[in-house]
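Before any comments, here is the structure.
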Amino acid sequence: MPATKVKEALNAMGAEVFYEKPLTSSDANGSGRIVIPKAIAEMHFPMLDNQAGSQIDAVDSMGNPYFFKFRFWINNQSRMYLLEGAAELQRRYNLRASDVMIFAHKPDKSLVVAGRPLADTDILRRPTTRKPCNGTPKREPRRLPGSIPKKPRRPSRDVQGSAHYDFNQFMAPIDGVFRFLLHSHGLDQSAVFFQSGVWTAVLDIKGEMYQAFFDSRNDALTAFNAAGYV
DNA sequence: AGCCATGCACCG
DNA sequence: CGGTGCATGGCT
């Protein structure tokens, strides 16, 4: 399924893409579980009260219906979001690891999904290097009382020279518009800085964080200062 | 300091 | 033995 066709279909539906995830091998291993980056999940998906999650109905660019389960795991003190039930979609669009799953909204806010092959224009971060995990795991394996400890087996890490992609970077709207930051990634004071190729201004307004992106340091500083900061 | 890719124990 | 949910650890 060519990317252009998919885009046409999405356009025809009036669907606006808000996230594209190059699938990892874990995403594409057939389980149908897709990890949704926390920032994306909390910006574009329904808020979840319990980790049981909720069902999300969607259609793909060909009109096929889906009934995903959107949920999260507890990971450390935080959440790790997942979309379950994507195996059929991956089958229909022939998605393998490093192909891209597309998330879009219709004007009525309903979810539209699709897939496409990885394009040259997709952002690339690290060329490779995920190190093989040598040696035995440090953690004591969990086991039932009285059961026999298992010999830990050598993990089969994926060491092939495949590229890694920056899934987590979302497209910063470089329009100088300050937007509310629900989760401020540790940014807790006003600042202007250059990050991921864009000038960023962050404002702390009575404890609430806002952020905007600019082409130049000067633009960022101007807006920053106009907001009453020095 | 925390995300997230993924390993893997546990349970059906 | 395949799926669930959590733990680990690389990486930023």
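Each chain gets a letter, A, B and so on, in the order the sequences are listed, and its residues count up from 1. Quick caveat, the model's predicted, so the values are computed rather than measured.
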request  = Measure the distance from CG on L82(A) to C1' on dC6(C) and round it to the nearest whole Å.
outcome  = 11 Å
request  = Could you please name the option among dG5(C), dC4(B), dA5(B) that lies closest to any side-chain atom of R33(A)?
outcome  = dG5(C)
task = Just jot down the salt bridge (charged side-chain N to carboxylate O under 4.0 Å, His left out) partners of R91(A), sequence neighbours excluded, or say none.
result = E88(A)
query = Between dG5(C), dA5(B), dC3(B), which one does the side chain of S26(A) approach most closely?
reply = dA5(B)
request  = Determine, for E42(A) against R79(A), whether the closest basic-nitrogen to carboxylate-oxygen distance falls under 4.0 angstrom.
outcome  = no
ask   = Once you round it to whole Å, what is the distance between C1' of dG3(C) and NZ of K69(A)?
value = 14 Å
request  = Take the protein atom CD1 of I40(A) and the nucleotide atom P of dA5(B), then report the distance between them rounded to whole Å.
outcome  = 12 Å
key: First of E84(A) and N76(A) reached from the 5' end of DNA chain C, by closest nucleotide   = E84(A)
Earlier contact from the 5' end, DNA chain C, for N75(A) and S31(A) = S31(A)
task = Please report, rounded to the nearest Å, how far the C1' atom of dC6(C) is from the CD atom of Q51(A).
result = 9 Å
request  = Would you work out how much the helix from dA1(B)-dT12(C) to dG12(B)-dC1(C) bends between its ends, with each end axis defined by five base pairs, to 10 degrees?
outcome  = 10°
query = OP1 or OP2 of dT6(B) sitting under 4.0 Å from any side-chain N/O of S25(A)?
reply = yes
inquiry  = Categorize R71(A) for me: base, sugar-phosphate, or nothing, with a 4.0 angstrom heavy-atom threshold over every strand shown.
reply    = sugar-phosphate
query = How long is the line joining CH2 of W73(A) and C1' of dT4(C), in whole Å?
reply = 8 Å
request  = Let me know the distance between OH of Y19(A) and C1' of dC4(B), rounded to the nearest Å.
outcome  = 10 Å
remark   = N29(A) atom CG is separated from dG3(C) atom P, nearest whole Å, by 9 Å
query = Excluding sequence neighbours, so at least two apart, what forms side chain to side chain donor-acceptor pair (under 3.5 Å) with N29(A)?
reply = S31(A)
ask   = Is the centre of the Y81(A) ring less than 6.0 Å from the centre of the F45(A) ring?
value = no
message = List the residues meeting salt bridge (charged side-chain N to carboxylate O under 4.0 Å, His left out) with D27(A), not counting sequence neighbours, and say none if there are none.
response = K21(A)
message = Could you tell me how far apart K38(A) (NZ) and dT12(C) (C1') are, to the nearest whole angstrom?
response = 15 Å
message = Going by the rule side chain to side chain donor-acceptor pair (under 3.5 Å), which residues pair with Y93(A) if we only count those two or more places apart in sequence or in a different chain?
response = S61(A)
note = Residue set satisfying salt bridge (charged side-chain N to carboxylate O under 4.0 Å, His left out) with R33(A), at least two apart, ordered chain then number -> none
